[in-house]
Number of protein chains: 2
Amino acid sequence: MITIKDIAKLAGVSPSTVSRVISNHPRISTKTSLKVKQIMKELNYHPNIIAKSLVSRTTHTLGIMLPRPAEELFQNYFFGELLRGIITHATRMNYELLLTTETSSDNELHAISRLVHGRRVDGILLLGSKRDDPIISFLEAEKFPFVLIGRSEAHPNAPMVDNDNVQTAYDATHHLIAQGHTRIGFVSGPPDITLSHDRMLGYQKALAQAGLDADSDWIVEGEFLQESGFRAMSLFMSLPDRPTAIVVIDDNVAFGVLRALAELHYLVPEDISVVSFNNIALSELASPPLSSIDIGTYQLGYTAVQVLLKILSGEPQLHNPVIIPHRLIVRESSLFSKPKPPSD
Amino acid sequence: MITIKDIAKLAGVSPSTVSRVISNHPRISTKTSLKVKQIMKELNYHPNIIAKSLVSRTTHTLGIMLPRPAEELFQNYFFGELLRGIITHATRMNYELLLTTETSSDNELHAISRLVHGRRVDGILLLGSKRDDPIISFLEAEKFPFVLIGRSEAHPNAPMVDNDNVQTAYDATHHLIAQGHTRIGFVSGPPDITLSHDRMLGYQKALAQAGLDADSDWIVEGEFLQESGFRAMSLFMSLPDRPTAIVVIDDNVAFGVLRALAELHYLVPEDISVVSFNNIALSELASPPLSSIDIGTYQLGYTAVQVLLKILSGEPQLHNPVIIPHRLIVRESSLFSKPKPPSD
DNA sequence: CTGAAAGCGCTTACAG
DNA sequence: CTGAAAGCGCTTACAG
């Protein structure tokens with residue numbers, strides 16, 4: 001392996017000088033700089049980043065912390081798209097990305113603490129969080145730089161990049177109300193996830209504002225899996241007074257919903273209208289095409305890296321949380337105006 | 001930051017001893033070991049992995065090299081599933097994962113050479129490869145450990161984990177032939193990708209064996225995107241003598257195919273039968289449900305990590321390439337027996 | 001503008 | 001079984 005010393009020897013200068021050339025130190029003569037650079041090129045020299053890290057105490061690496069059941073994650077286009085945003089900006093800024101996942105549940109801090117104490121990364125991106133997440137407490141206690149993609153109730157001052165998820169669900173629900181629906185259900189995600197919680201609030205808020213009831217039978221909590229949507233429908237559709245429209249926490253879950261409805265021979269949107277979240281590429285291809293809230297997934301990832309790098313550079317963070325705008329994409333699955341009941 | 005020296009001082013031993021305790025050196029007395037370990041716990045000591053890396057010349061990190069247009073990648077469940085397999089086994093074996101992507105096209109070796117020369121990783125996982133991939137040449141020249149998920153013609157001795165992709169396409173095509181189809185098209189991927197090439201061979205082999213023609217009009221090359229499938233159909237369906245069945249390189253592309261056919265008011269499988277590859281979770285939910293070759297994506301990723309770790313440990317590699325088994329999952333999209341033409 | 005020296009936090013022959 | 005010393009490849013005050 002070629003080191004800085006080899007270059008120094010061949011260039012007839014000291015290792016310190018070579019180091020300075022590499023880091024573009026201002027007070028190096030153009031002449032030596034050129035000479036050293038040429039020799040580095042000739043020998044195909046590449047600095048040992050590990051050695052550099054040790055002394056500079058910086059790694060130019062960002063850690064990506066995947067939430068526990070990474071199993072589920074990748075069944076979801078959402079995380080792919082999020083990663084895409086993260087990779088794009090990190091690569092652009094010459095940062096490396098270290099992928100970690102929570103391991104054993106007996107010690108949820110194991111992975112993160114290895115990362116932080118082992119000085120493997122300069123900062124951490126948290127993809128989603130539980131409602132009371134020990135990882136955030138840990139990171140705050142360690143004063144280790146991080147950004148949460150999502151929202152934390154317990155840690156309102158944590159740097160966050162998120163949608164306004166009360167509003168996203170409000171918009172989805174309101175859209176259904178505007179179509180004339182009065183019995184609107186909600187297929188939610190795991191209740192300990194802040195996202196589920198926020199969207200539940202938005203759903204309830206929209207109903208309350210319209211003077212509608214949120215029948216507890218019309219609310220089901222599940223996972224971010226197709227099966228959850230499937231199961232929710234077996235439940236809903238057997239109710240004597242079933243909803244005529246539903247809000248679904250995630251497109252993937254909505255696919256399960258559509259499948260169940262097809263099997264049960266219900267028509268969407270005629271028998272039941274559906275709106276979901278994320279607007280993944282496939283929503284458009286579902287049958288019928290799925291109305292979905294576009295949450296700007298790519299931008300969420302991209303922006304999170306921006307915010308984290310800003311924190312690392314010591315710049316003051318002006319806004320927190322950073323809110324990524326969303327918008328409802330209306331497609332066939334919710335395009336059915338509920339006829340007014342005969343007023344007799 | 002707490003270092004080995006702090007521990008040594010408090011335990012009344014030398015730093016060397018602490019280091020030996022950490023690495024479970026055999027010739028350390030249980031007594032000192034216990035004492036040192038307790039102090040490490042009390043101070044919540046975690047070894048600096050960077051420093052350890054510098055001297056041990058090993059990082060316990062695997063690099064994941066994403067192919068160039070990472071943009072496309074994550075629009076595809078396939079890569080998510082592959083990553084899932086990789087993460088699972090790497091985490092289980094206590095390896096970290098560094099995510100890199102090829103950057104500027106002006107120097108395709110830039111990213112990989114940083115990784116290799118910077119000693120950031122112990123080995124590299126290559127996700128897919130071009131037919132003549134300079135990255136593989138580079139890695140071989142540097143004698144740097146790597147595993148290719150996929151196949152390289154130009155480098156037959158490179159460690160590879162792959163499906164038998166000639167056979168996968170043969171099976172898909174043969175299935176359509178068995179259904180009575182004689183005019184079978186192929187919607188392929190980018191021609192410079194080995195995968196596309198192999199599947200083309202399998203497709204042609206199956207046709208040849210059945211004495212069928214592969215009309216060049218029935219073959220379209222594109223990207224791994226839905227748009228490609230969509231466009232292919234506008235082409236195919238306007239042909240005077242159009243195929244009655246098609247093999248599609250990837251489920252994602254097949255979704256585009258299905259969408260185009262729906263818009264053009266063709267029925268699947270009655271007007272045209274479809275078989276594709278990867279068997280992602282959504283294939284089952286397509287309308288109609290998509291026949292697809294399950295290539296064991298998760299296992300592909302999982303196994304690649306196993307093989308790479310085996311190489312790193314110096315174990316001899318007995319089989320190369322490692323072939324992951326595949327199987328055809330028949331669903332509605334290809335369940336239509338072509339009636340025999342009237343024999344007059 | 002450049003060099004000698006100390007040091008980042010660890011490991012590992014060597015010696016005892 | 002344990003310690004002192006040298007060293008991994010780099011950076012950076014300090015001095016000139």
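Order of the sequence lines fixes the chain letters, A, B, ..., with proteins taken first and strands second; residue numbering starts at 1 for each chain.
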Exercise for the section: Please assess A:H155 against A:N157 for the test side chain to side chain donor-acceptor pair (under 3.5 Å), listing each intermediate value before the final yes or no. Expected result: CA-CA 5 Å; A:H155 306 273; A:N157 295 319; over 6 Å; no

Would you give me the side-chain donor-acceptor pairs under 3.5 Å for residues 2-11 of chain B, sequence neighbours excluded?
residue: B:T3; atom: OG1; partner: B:K5; partner atom: N; Å: 3.1
residue: B:D6; atom: OD2; partner: B:T3; partner atom: N; Å: 2.8

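- Partner of A:V161 under the side-chain contact (heavy atoms from CB on, under 4.5 Å) criterion, out of A:N320, A:L308, A:L300: A:L300 alone.
- One N or O on the side chain of B:H60 and one on the backbone of B:N94 form a donor-acceptor pair closer than 3.5 Å.
- Note that NE2 of B:H117 and CG of B:L109 are 10.0 Å apart. Values are rounded to the nearest 0.5 Å.
- Here the OG1-CD1 distance, from A:T59 to A:I49, works out to 10.0 Å after rounding to the nearest 0.5 Å.
- Listed pair A:T32 / C:dT2 meets the phosphate criterion, a side-chain N or O lying under 4.0 Å from OP1 or OP2.
- With rounding to the nearest 0.5 angstrom, the OG1 atom of B:T101 is 12.0 Å from the CZ atom of A:R92.
- Rounding to the nearest 0.5 angstrom, the gap separating the CG atom in B:L148 from the CG atom in B:D162 is 7.5 Å.
- Under 4.0 angstrom from either OP1 or OP2 of D:dT11 there lies no side-chain N or O belonging to A:R57.
- Proximity of residues 4-23 of chain B to DNA chain C (heavy atom under 4.0 angstrom from any strand atom) is restricted to B:I4, B:S16, B:S19, B:R20.
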Practice task
Take A:E142 and A:L139, measure what side chain to side chain contact (heavy atoms under 4.5 Å, CB included) needs, and give me the verdict at the end.
Solution key: CA-CA 5 Å; A:E142 295 282 336; A:L139 256 11; 5.6 Å; no

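- Side-chain atoms of A:T30 and A:S33 form no donor-acceptor pair, as typed in the model, at a separation below 3.5 Å.
- Checked against salt bridge (charged side-chain N to carboxylate O under 4.0 Å, His left out), A:R114 has the following partners two or more places apart in sequence or in another chain: B:E96.
- Here, D:dA6 and D:dT2 have their P atoms 23 Å apart, quoted to the whole Å.
- The CG atom of B:N24 sits 14 Å away from the P atom of D:dC1 (whole-angstrom rounding).
- Within residues 114-121 of chain B, no residue approaches DNA chain D, by heavy-atom distance under 4.0 Å.
- Comparing C:dT11 with C:dA15, their P atoms sit 22 Å apart, to the nearest whole Å.
- Contact check of residues 39-55 of chain B against DNA chain D (heavy atom, cut-off under 4.0 Å) returns B:L54, B:V55.
- With no hydrogens or angles considered, a side-chain donor-acceptor pair links A:S29 and A:T32 at under 3.5 Å.
- Side-chain contact between A:L309 and A:L62 is present, with at least one heavy-atom pair separated by less than 4.5 Å.
- Atom C1' of nucleotide D:dG3 and atom NE2 of B:H25 are separated by 13 Å, given to the nearest angstrom.
- Comparing C:dA13 with C:dG9, their P atoms are spaced 23 Å from each other, to the whole Å.
- Annotated stems with DNA chain D as a participant read C:1-3 with D:14-16, C:5-12 with D:5-12, C:14-16 with D:1-3, given as range with range, by first number; only runs of 3 or more Watson-Crick or G-U pairs under 3.5 Å qualify.
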